[in-house]
Amino acid sequence: MAVGTSGEVRAVGRARRHGGAPAAAVEPLREGAMGAEVVIEGLTKSFGKQAIWRDVTLNLPPGEVSVMLGPSGTGKSVFLKSMIGLLKPDKGRCEINGIDVVTCSERKLYDTRKLFGVLFQDGALFGSMNLYDNVAFPLREHTKKSETEVRRIVLEKLELTGLSGSEDKLPGEISGGMRKRAGLARALVLDPEIILCDEPDSGLDPVRTAYLSQLLIDLNAQIDATILIVTHNINLARTVPDNIGMLFRKELIMFGPREVLLTSDEPVVEQFLNGRRLGPIGMSEEKDSAQMALEQEQADAGHHDGSTEDVRGIVPQLQPTPGLPERQGAVRRKGRVAGVLHTLPEPAREGIIASLTPEERRYYGIPEPAVTAGSRMPAHHGDLDAGDVAELPSSPAWPGDEQSAPTRPLRRRRGGS
Amino acid sequence: MSARSTSVPGLGMLRETGKLFALGLDIGRGIFQRPFQLREFIQQAWFIASVTIMPTALVAIPFGAVISLQFGSLASQLGAESYTGAGSVLATVQQAAPLVTALLVAGAGGSAICADIGARTIREEIDAMEVLGVSAVQRLVVPRVLACMLIAVLLNGMVSVIGVLGGYFFNVVLQGGTPGAYLASFSALAQLPDLWVGELKALIFGFLAAVVAAYRGLNPPPGPKGVGDAVNQSVVITFLLLFVVNTVMTLIYLQLVPPKLG
Ligand SMILES: Nc1ncnc2c1ncn2[C@@H]1O[C@H](COP(=O)(O)OP(=O)(O)OP(=O)(O)O)[C@@H](O)[C@H]1O
Ligand SMILES: [Mg+2]
């Protein structure tokens with residue numbers, strides 16, 4: 001029964017999203033292999049009196065890669081755990097292929113979880129098993145594969161994550177970065193439809209992080225899985241995802257196409273992307289206006305605020321390794337984004353238009369770009385407005401029809417252009 | 001721990017008790033779910049046996065001796081020497097053996113179970129297992145609970161035998177009792193249900209010790225220190241629980257099974 005339901009939802013989703021796109025470009029390579037769709041609505045979570053986040057609404061379109069940003073302690077890990085039903089949210093829905101994991105029965109929950117591959121923040125390997133058995137565990141539990149077949153798959157995944165030769169080691173005997181990679185290998189072993197990664201890059205060196213980014217994109221091209229990555233790595237956030245969201249002050253302040261966040265002039269986003277002290281984020285999550293004024297004064301007097309250069313602006317997205325199939329998620333996304341283009345802010349729109357080929361532009365009926373977008377944003381240092389920042393997360397004020405759009409466009413900042 | 005989040009005193013304790021019960025029910029359900037984790041069960045049974053057999057044996061001998069000596073001297077003061085054997089056997093088989101067993105299973109086996117599961121919880125292994133679609137209760141807790149119950153029953157048998165032998169030795173050798181009278185009084189007072197109820201008690205104590213240990217292990221206070229606290233609490237809670245349950249069971253048994261010398 002569960003299968004029937006999910007099939008239905010997928011079919012509906014597909015029809016809605018790429019109704020008129022060219023068939024050749026849009027049909028997935030393997031029917032039914034498309035990643036799961038995640039619809040989250042009004043999700044709210046608190047521990048006792050401590051509210052973590054409220055009213056989170058977002059949509060992970062099937063097969064697309066999304067990144068969730070946010071200062072430390074804003075509840076990103078809690079969000080991932082709520083998505084897989086490890087923590088019970090107080091309110092809201094989280095539907096995976098049409099099954100609401102917040103309210104469904106335990107049996108359904110266990111079935112739904114089999115669609116997931118989850119990389120925990122510190123690997124969460126089974127301490128009493130060596131790496132081989134750790135990676136083989138899901139296969140042995142959920143498939144009837146023979147031991148030779150298990151061996152082939154496990155060794156392949158270990159090789160993929162650069163761990164060949166370490167299969168006999170116990171998790172206690174390897175470095176943190178290796179544990180992370182082994183955790184990823186275990187998450188990938190069942191070819192999941194949804195991959196959740198909690199800080200895949202923490203504990204990895206820059207080179208391994210680059211390989212890992214490429215690995216995730218290649219994987220997405222091959223199995224068309226829906227991927228959600230929680231990270232603090234700005235470089236990864238700029239180059240890997242299709243969509244970016246950000247949690248701040250107990251709310252999802254934005255979630256939408258990568259171009260929107262990368263060109264945003266919200267002070268929080270700007271500060272976070274550039275890694276500056278100047279801005280609304282403080283050492284403890286929120287800053288008061290006195291502290292902000294003091295820091296602004298110091299910066300004006302020439303004190304360095306910790307950033308190097310403005311890294312906002314749209315950079316080219318990471319592509320699958322040559323020879324791999326095109327990412328179906330990216331193809332579907334073009335149609336999806338073209339549909340909501342008119343609701344996006346100016347810089348993001350230009351960026352998206354610039355990333356399309358002339359044929360695609362003609363197909364979607366989009367005019368040629370007036371200016372070459374994708375160029376860097378001008379530096380924004382010094383235009384912070386304390387009053388503006390303080391009222392930032394007000395209640396969402398979306399028009400009803402935009403709620404049903406696959407992703408939410410950025411809320412305009414008050415007083416902005 | 002949870003009393004902090006409520007204003008009514010005692011409500012937190014009530015809630016914990018409820019959750020403990022819920023886990024007990026889950027475990028009961030998990031016992032009948034396939035596939036049964038035979039390997040884990042055997043490993044755990046072996047482990048619990050290996051940490052409990054020696055201390056149990058060492059405790060059982062002096063325990064049997066103390067009961068036998070005490071009872072022997074009391075009986076001789078009352079002029080009932082012929083019942084010395086029977087009395088100490090009854091006390092050993094019905095009361096001492098299950099309690100000694102339970103204390104050791106809880107103290108040695110339960111604390112190990114709690115520490116093991118607690119460490120897995122804070123390392124997110126339990127979460128990872130749940131996410132891989134495998135129930136941690138069915139996979140980890142059920143084999144441990146069954147192993148604990150099995151070992152408790154076996155240990156109880158062992159303590160009974162060692163206790164009775166020890167009692168015999170001390171009574172006959174040290175107090176100058178006659179072997180014939182000691183053995184004869186066995187069957188005068190003791191009856192087979194005494195042994196059964198002892199074993200039943202051990203079974204239930206083993207279950208309780210393992211469930212409490214697993215519960216505290218699955219819900220430890222945060223942090224590595226939390227696991228230490230959880231182990232500590234699990235042993236204390238189990239001890240308290242065992243003595244209450246023992247009292248209740250003894251009362252019921254004395255009501256239901258008529259004593260032999262009515
Ligand atoms: N089990 C729990 N019980 C109570 N509070 C919790 C629990 N788990 C997390 N929290 C609280 O929720 C908040 C968010 O934690 P979370 O681990 O999700 O942060 P995060 O965004 O992942 O941070 P980081 O980027 O540092 O990993 C923290 O304030 C934390 O204290
Ligand atoms: Mg985290």
Side-chain angles (χ1 to χ4, degrees), chain A residues 46-50 77-78 80-87 96 101 106-129 133-144 171-172 179 182-184 186-190 192 194-198, chain B residues 1-8 11-12 15 19 22-23 25-27 29-30 32-40 43-44 46-47 112-113 115-140 143-144 217-219 221-224 227:
Chain A
S46 55
F47 288 108
K49 286 200 185 70
Q50 184 197 8
S77 301
V78 171
L80 291 191
K81 286 185 187 171
S82 305
M83 274 181 68
I84 32 179
L86 284 176
L87 293 173
I96 317 287
V101 296
E106 197 162 321
R107 177 173 301 252
K108 272 234 174 83
L109 183 61
Y110 276 112
D111 281 344
T112 308
R113 278 176 181 162
K114 288 177 197 164
L115 303 178
F116 280 93
V118 181
L119 171 60
F120 282 86
Q121 192 155 354
D122 32 20
L125 299 172
F126 302 128
S128 53
M129 300 180 193
D133 289 331
N134 257 292
V135 178
F137 182 85
L139 287 174
R140 291 180 180 151
E141 284 298 325
H142 293 311
T143 66
K144 300 225 177 328
R179 272 200 287 279
L184 186 63
R186 188 181 64 189
L188 300 183
V189 87
L190 285 179
I194 313 174
I195 302 176
L196 305 180
C197 293
D198 199 347
Chain B
M1 185 188 80
S2 63
R4 164 167 50 93
S5 58
T6 63
S7 49
V8 185
L11 201 66
R15 188 176 299 140
K19 286 191 198 159
L23 179 68
L25 290 181
D26 276 350
I27 292 170
R29 198 144 36 94
F32 299 102
Q33 271 166 18
R34 301 300 101 171
F36 180 66
Q37 300 294 330
L38 189 65
R39 238 174 85 125
E40 188 87 12
Q43 274 174 356
Q44 286 300 319
W46 183 251
F47 168 74
I113 290 177
D116 179 23
I117 293 188
R120 288 171 193 252
T121 306
I122 63 161
R123 282 206 311 260
E124 296 186 317
E125 280 187 33
I126 303 287
D127 283 354
M129 194 170 266
E130 292 283 329
V131 169
L132 291 172
V134 176
S135 157
V137 168
Q138 206 262 337
R139 172 98 195 181
L140 294 177
R144 282 168 174 73
L218 286 173
N219 304 283
V227 178

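For the atom pair CG of A/L86 and CD1 of B/I126, the computed distance is 11.0 Å after rounding to the nearest 0.5 Å.
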Which donor-acceptor pairs under 3.5 Å do side chains of residues 132-139 of chain B form with protein atoms, sequence neighbours excluded?
from: B/S135; atom 1: OG; to: B/V137; atom 2: N; distance (Å): 3.4
from: B/S135; atom 1: OG; to: B/Q138; atom 2: N; distance (Å): 3.2
from: B/Q138; atom 1: NE2; to: B/Q33; atom 2: O; distance (Å): 3.1
from: B/Q138; atom 1: NE2; to: B/P35; atom 2: O; distance (Å): 3.0
from: B/R139; atom 1: NH1; to: A/E141; atom 2: OE2; distance (Å): 2.1

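Of the two parts of A/L125, only the backbone, made up of N, CA, C and O, holds a non-hydrogen atom closer than 4.5 Å to a non-hydrogen atom of chain B.
Taking both residues in full, the closest heavy atoms of B/R120 and A/S128 are given as NH2-OG, 3.7 Å, listed atom of the first, atom of the second, then distance. Taking each heavy atom of A/A124 and B/A128 in turn, the nearest pair found is O-CB, 3.6 Å.
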*In sequence, state the C-alpha distance, the side-chain angles, and the governing distance for B/E124 and A/K81, and then conclude on salt bridge (Lys or Arg N to Asp or Glu O under 4.0 Å).*
CA-CA 11 Å; B/E124 296 186 317; A/K81 286 185 187 171; 2.8 Å; yes
_A/F126 vs B/R123, side chain to side chain contact (heavy atoms under 4.5 Å, CB included): CA-CA, chis, key distance, verdict_ = CA-CA 9 Å; A/F126 302 128; B/R123 282 206 311 260; over 6 Å; no
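B/D26 pairs by the salt bridge (charged side-chain N to carboxylate O under 4.0 Å, His left out) definition with B/R29, not counting sequence neighbours.
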